[in-house]
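Data block below; observations after.
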Number of protein chains: 2
Amino acid sequence: MATPDDYRARIGAAGERLTPAERRVATTVLDDPRAVGFGTVAELADRAGVGVGTVVRLADRLGYRGFTELQRAVRRDLARQLRPAVERIRDGRPDPDAVADHIELQLDNVRATLEAADPGMLARVADRLADLERPVAVLSGDASTGVARHLLDQLTALRPGVVAVDGNAVAVARTLAVLPPDATLLVVDLRRYDRWVVDTARDAAERGWSVVAVTDGELSPLAAVAADVFVVTAASLGPFDSHVGTLALGDLLVAMTARRLAASAAERLDAVERQWQLRRSLTLD
Amino acid sequence: MATPDDYRARIGAAGERLTPAERRVATTVLDDPRAVGFGTVAELADRAGVGVGTVVRLADRLGYRGFTELQRAVRRDLARQLRPAVERIRDGRPDPDAVADHIELQLDNVRATLEAADPGMLARVADRLADLERPVAVLSGDASTGVARHLLDQLTALRPGVVAVDGNAVAVARTLAVLPPDATLLVVDLRRYDRWVVDTARDAAERGWSVVAVTDGELSPLAAVAADVFVVTAASLGPFDSHVGTLALGDLLVAMTARRLAASAAERLDAVERQWQLRRSLTLD
DNA sequence: CTCGATCCGGAACATGATTTCCAGCGTACA
DNA sequence: TGTACGCTGGAAATCATGTTCCGGATCGAG
């Protein structure tokens, strides 16, 4: 909840105009506002590895009268965060677009989705995703394309043998045909289940694949065909289901998989990194 | 949560021994510790309606060396409450598959991201996304492809004139060239900013487009070129940044846009629905 | 009613922090 | 290569804040 006088905005606005040393201070401030709210100029300067003068100059540059005023701004912000939730929610305007409700809802989606995940099942699935002998295929309904893609990208970064199942009917058939019968199929689809997704999943299950479903209820048709089922909570105030919980679950699976792949994944990530550096495709930061 | 040196406990222990005026101060301290953590002796004394001497005497009576030490104790306590989830988790045991830690972290990501979003900016951006006169282009870095895709899909379902900016350099150039100069560009990219994404965004801004950035810090190069910047919190225990907060923010924007488009979007959604029914591409549920 | 003890508020003082200012250093440009 | 400019760190000056201390007020006991 930004204030008319949000120090973060000021840092953003000052943006590129900052000198290297000032930027180090700014980064430190953004990184840990507590260091500013509670500490002294000398402490902050020390932490950022600069002289006290630089700290004061940064405050000036941001339009504050001096460090003291910057500190006041940061403290106001911290104090707001400390306020009990009820109070915080109230201080928005009389709920025009109900941001507070969205927050509550999304928090609930994440919490409910992750809490509902059985630890044993999580471990089993992560084991399978980390099993380099078995290829992994990712399949999703139309509404889940984005999150499935995200999951796919991350798994691909971690290990070889990850493929997307999509495109036209011919492509899907070919993908399925090519993979060995001990492959793992990760299928994501909510509510208005796409027929072809369910059919494809059933097909894969019949071929003997391990099918892992991420869907929105035990009664989902996907639950019937999958060996492991994660149930996500997708409540939303908008017209579409929320996939925030789904993504949180995906992240968890990815993290668990990464841990299992420790060495080989690090190596793989390094290789990607080297390519990036080589091509200069990332900005220097 | 209790520290060996919890000021609350000390006040409780001193309990009855306090004089009336001291008690007023103690009550004020318990009531709103922020007044102590952030304020000065004079302020606290004023707020409690006592003299500065009394405040100092209370600190003495509680066994602190003076007000300064009491303030330190209170600040330590406040600082703990303010700690981001990553930090809170880190100082516990490094639990490997700890689902609870992930929950904690992702909740924090969602909360921090949505709370940091300025209501005014949200409204402004939603207005623009709902402006059917202006086309919307969506651009994203490699790591954000999935969430950007999700956002794109949902916006497309709500309104016409939404395009993805991706593919090869030629395709990007064409996309940019074709769109009118009052278009809106929604760009999503975190940390290791892809150079071409930043360049493209800058280009769009120079053409006069409204650039809305979703990125991970005020000092992100995207923040420098965008008119509106949303800062997401992306802490993660895995090897990749978490995009859960990003997605939650996207959902919020989509919901706000949908509300503004009320009638026309409903019509559009109905049209999609009719097509689905017609093709029997959804399972009956 | 008077005395004494305790409590309290505020002024003077001391401490510690911030600000101001300057000199050194690196760098870009001629 | 020389020069000018901007950046930086730190020392001295200035300011704010905590602490100490004292005079006055209140209350109860004798």
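Below, chain A is the first sequence line, B the second, and so on; all start at residue 1.
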Could you please name the option among [options] that lies closest to any side-chain atom of [X]?
{"X": "A/Val52", "options": "D/dG10, D/dT19, C/dC8", "result": "D/dG10"}
{"X": "A/Pro20", "options": "C/dG9, C/dA11, D/dT8", "result": "D/dT8"}
{"X": "A/Ala21", "options": "D/dA11, C/dT18, D/dT8", "result": "D/dT8"}
{"X": "B/Thr40", "options": "C/dC8, D/dT17, C/dT19", "result": "D/dT17"}
{"X": "A/Val41", "options": "C/dA11, D/dG18, C/dT18", "result": "C/dT18"}

To the nearest Å, give me how far apart [atom1] ([X]) and [atom2] ([N]) are.
{"X": "A/Leu70", "N": "C/dA17", "atom1": "CG", "atom2": "C1'", "value": "15 Å"}
{"X": "B/Arg57", "N": "D/dT20", "atom1": "CZ", "atom2": "C1'", "value": "11 Å"}
{"X": "A/Arg65", "N": "C/dT19", "atom1": "CZ", "atom2": "C1'", "value": "13 Å"}
{"X": "A/Arg24", "N": "D/dG9", "atom1": "CZ", "atom2": "P", "value": "7 Å"}
{"X": "B/Leu58", "N": "D/dG18", "atom1": "CG", "atom2": "C1'", "value": "15 Å"}
{"X": "A/Glu43", "N": "C/dG16", "atom1": "CD", "atom2": "P", "value": "14 Å"}
{"X": "B/Leu44", "N": "D/dT19", "atom1": "CG", "atom2": "C1'", "value": "15 Å"}
{"X": "A/Phe67", "N": "C/dA17", "atom1": "CZ", "atom2": "C1'", "value": "10 Å"}

field: SB check B/Asp77 B/Arg80 (cutoff 4.0 Å)
entry: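 Salt bridge between B/Asp77 and B/Arg80, a charged N being under 4.0 Å from a carboxylate O: yes.
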
Using a 3.5 Å distance criterion without hydrogens, assess whether the side chain of [X] forms a donor-acceptor pair with backbone atoms of [Y].
{"X": "B/Asp216", "Y": "B/Leu190", "answer": "no"}
{"X": "A/Thr54", "Y": "A/Glu22", "answer": "no"}
{"X": "B/Arg47", "Y": "B/Thr28", "answer": "no"}
{"X": "B/Asp194", "Y": "B/Trp196", "answer": "no"}

query: Would you call the rings of A/Phe38 and B/Phe38 parallel, tilted or perpendicular, where under 30° means parallel and over 60° means perpendicular?
result: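 A/Phe38 vs B/Phe38 ring planes: parallel.
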
Can a side chain N or O of [X] be found less than 4.0 Å away from OP1 or OP2 on [N]?
{"X": "B/Thr19", "N": "C/dC8", "value": "yes"}
{"X": "B/Thr68", "N": "D/dT17", "value": "no"}
{"X": "A/Thr54", "N": "D/dC7", "value": "no"}

query: Hey, are the side chains of B/Arg128 and B/Asp228 touching, using non-hydrogen atoms and a 4.5 Å cut-off?
result: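 Yes; the side chains approach each other to less than 4.5 Å.
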
- request: Flag the pair A/His102 / B/Asp251 as yes when at least one side-chain heavy-atom distance between them is below 4.5 Å, and no otherwise.
  value: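 Side chain of A/His102 against side chain of B/Asp251, heavy atoms only: no contact under 4.5 Å found.
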
- request: Give one of base, sugar-phosphate or nothing for A/Val50, where a contact means two heavy atoms less than 4.0 Å apart.
  value: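 Result for A/Val50 = sugar-phosphate.
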
- request: Look at all strands and tell whether A/Gly53 reaches a base, only sugar-phosphate, or nothing, counting heavy atoms closer than 4.0 Å.
  value: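 Contact class for A/Gly53: base.
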
- prompt: Residues from residues 25-34 of chain A sitting under 4.0 Å of DNA chain D, heavy atoms only?
  reply: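 When residues 25-34 of chain A is checked for heavy atoms under 4.0 Å from DNA chain D, there are no hits whatsoever.
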
